[in-house]
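Beneath this line is the structure, given in structure tokens, with notes to follow.
Each residue takes its place number in the sequence, starting with 1. Just so you know, ligand 1 is whichever comes first in the structure, and atom 1 is the first atom listed for that ligand.
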Amino acid sequence: MKLNTKGIIFVISAPSGTGKTTICERLLKSLPDLKMSISHTTRKPRTGERDGVDYYFIDKTKFKEMISNNDFIEWAEVYGNFYGTSKKVINELLNSGNDILLDIDTQGAKNIKKIYPESVLIFMLPPSIEELKRRLSKRKEKSNIIKSRLDRVVDEIIQYEFYDYLLINDNLEKALNEIMCIIFAERLKINRINKKFINNFLKKI
Ligand code: 5GP
């Protein structure tokens with residue numbers, strides 16, 4: 001039985017290389033009523049990435065058209081590519097009664113909080129800068145891309161104060177467990193509980 005009727009928006013941000021994608025995949029597997037918001041991007045798909053699953057891959061012209069049609073709740077330029085959260089995607093997920101998971105950057109997270117003050121922002125840190133460098137250089141990407149990602153890390157980390165929760169991914173199972181605890185606790189918050197449920201509960205006395 002669900003005590004809250006409105007879907008909750010959970011945002012996860014982390015510097016790239018922190019293990020966010022793995023965490024999100026594991027969360028979605030474990031929690032069937034948590035659905036991923038699939039963003040639109042102008043970035044080219046990486047090996048193994050699928051359109052409509054990892055992202056909706058579109059070109060710049062289409063992205064600009066979507067901006068002028070006001071189709072995005074938020075959008076941002078990250079590493080020279082555009083990324084955006086579509087209003088349609090979010091509304092469909094919210095209407096289906098599910099909770100939503102967004103993997104977006106700090107600019108996007110701040111905008112989501114402005115529009116949905118009840119959303120929950122989670123910031124994840126890598127165990128250390130050395131480990132982050134190691135994880136990033138393992139990726140099959142050009143060295144200038146890796147460098148620009150590292151340059152951005154500091155800018156992203158100093159945004160942590162806008163978030164509701166901060167955790168360190170020094171152990172996948174531990175980090176996963178911590179995020180699950182956040183999700184379960186948020187689902188039971190009094191201000192999210194549907195009052196009708198309590199009233200109906202009391203009527204039966
Ligand atoms: P990547 O190219 O590695 O998949 O993602 C690069 C960055 O873009 C990540 O920090 C990711 O969280 C962010 N991102 C992905 N989708 C969106 C989106 O819809 N909006 C915003 N603001 N950032 C996004």
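At least one heavy atom of Gly84 sits closer than 4.0 Å to an atom of ligand 1.
By heavy-atom distance, the residue among Arg46, His40, Lys44 lying nearest atom 3 (O) of ligand 1 is Arg46. The heavy atom nearest to atom 22 (N) of ligand 1, out of those in Thr85, Val11, Asp105, is found in Asp105. Heavy-atom proximity to atom 5 (O) of ligand 1, evaluated over Tyr56, Tyr55, Tyr79, is greatest for Tyr55.
Taking both residues in full, the closest heavy atoms of Lys60 and Phe82 are given as CE-CE1, 3.6 Å, listed atom of the first, atom of the second, then distance.
Salt bridge status for Arg187 with Asp33: present, with a side-chain N to carboxylate O gap under 4.0 Å. Taking the charged nitrogens against the carboxylate oxygens, Arg26 and Glu173 do have a contact shorter than 4.0 Å, which makes a salt bridge.
With hydrogens left out, the protein atom closest to atom 18 (C) of ligand 1 is Ile104 CG2, 3.3 Å, a heavy atom. Protein heavy atom nearest atom 12 (O) of ligand 1, with residue, atom name and distance: Asp103 OD1, 2.7 Å. In terms of protein heavy-atom proximity, atom 7 (C) of ligand 1 is closest to Val78 CG1, 3.8 Å. In terms of protein heavy-atom proximity, atom 20 (N) of ligand 1 is nearest to Glu74 OE2, 2.7 Å. The protein atom (non-hydrogen) at minimum distance from atom 6 (C) of ligand 1 is Tyr83 OH, 3.6 Å.
Both tests hold for Arg152 against Tyr79: distance to the six-membered ring centre under 6.0 Å, angle to the ring axis within 45°.
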Practice problem: Test ring pair (Phe, Tyr, Trp, His ring centres under 6.0 Å) on Phe162 and Phe123 and set out the steps. | Solution: CA-CA 9 Å; Phe162 289 96; Phe123 195 85; over 10 Å; no
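If you number the atoms of ligand 1 from 1 as listed, the ones under 4.0 Å from a heavy atom of Lys20 come out as 9 (C), 10 (O), 11 (C), 12 (O). Numbered from 1 in the order shown, with element, the atoms of ligand 1 that lie under 4.0 Å from a heavy atom of Ala76 read 22 (N). Heavy-atom proximity to Arg43, at under 4.0 Å, picks out these atoms of ligand 1: 1 (P), 2 (O), 4 (O). Close contacts of ligand 1 with Gly108, meaning ligand atoms under 4.0 Å from a residue heavy atom, involve 22 (N).
Other residues, nucleotides and ligands place no more than 12 heavy atoms under 6.0 Å from the NZ atom of Lys88.
Using modelled atom types, one side-chain atom of Asp164 and one backbone atom of Leu121 make a donor-acceptor pair closer than 3.5 Å. Between the Thr41 side chain and the Arg43 main chain, a donor and an acceptor come within less than 3.5 Å of each other.
Distances between N or O atoms of Ser16 and those of ligand 1 include no value under 3.5 Å. Checked by distance only, ligand 1 and Ser39 come closer than 3.5 Å through their nitrogen or oxygen atoms.
Residue contacts with ligand 1 for Arg152 are absent, since no atom lies close enough (heavy atoms, distance under 4.0 Å).
Linking ILVMFWY side-chain heavy atoms closer than 4.5 Å, directly or via other members, places Phe184 and Leu176 in a single hydrophobic cluster.
In this structure, Ser13 OG and Asp103 CG are separated by 7.5 Å, a value rounded to the nearest 0.5 Å.
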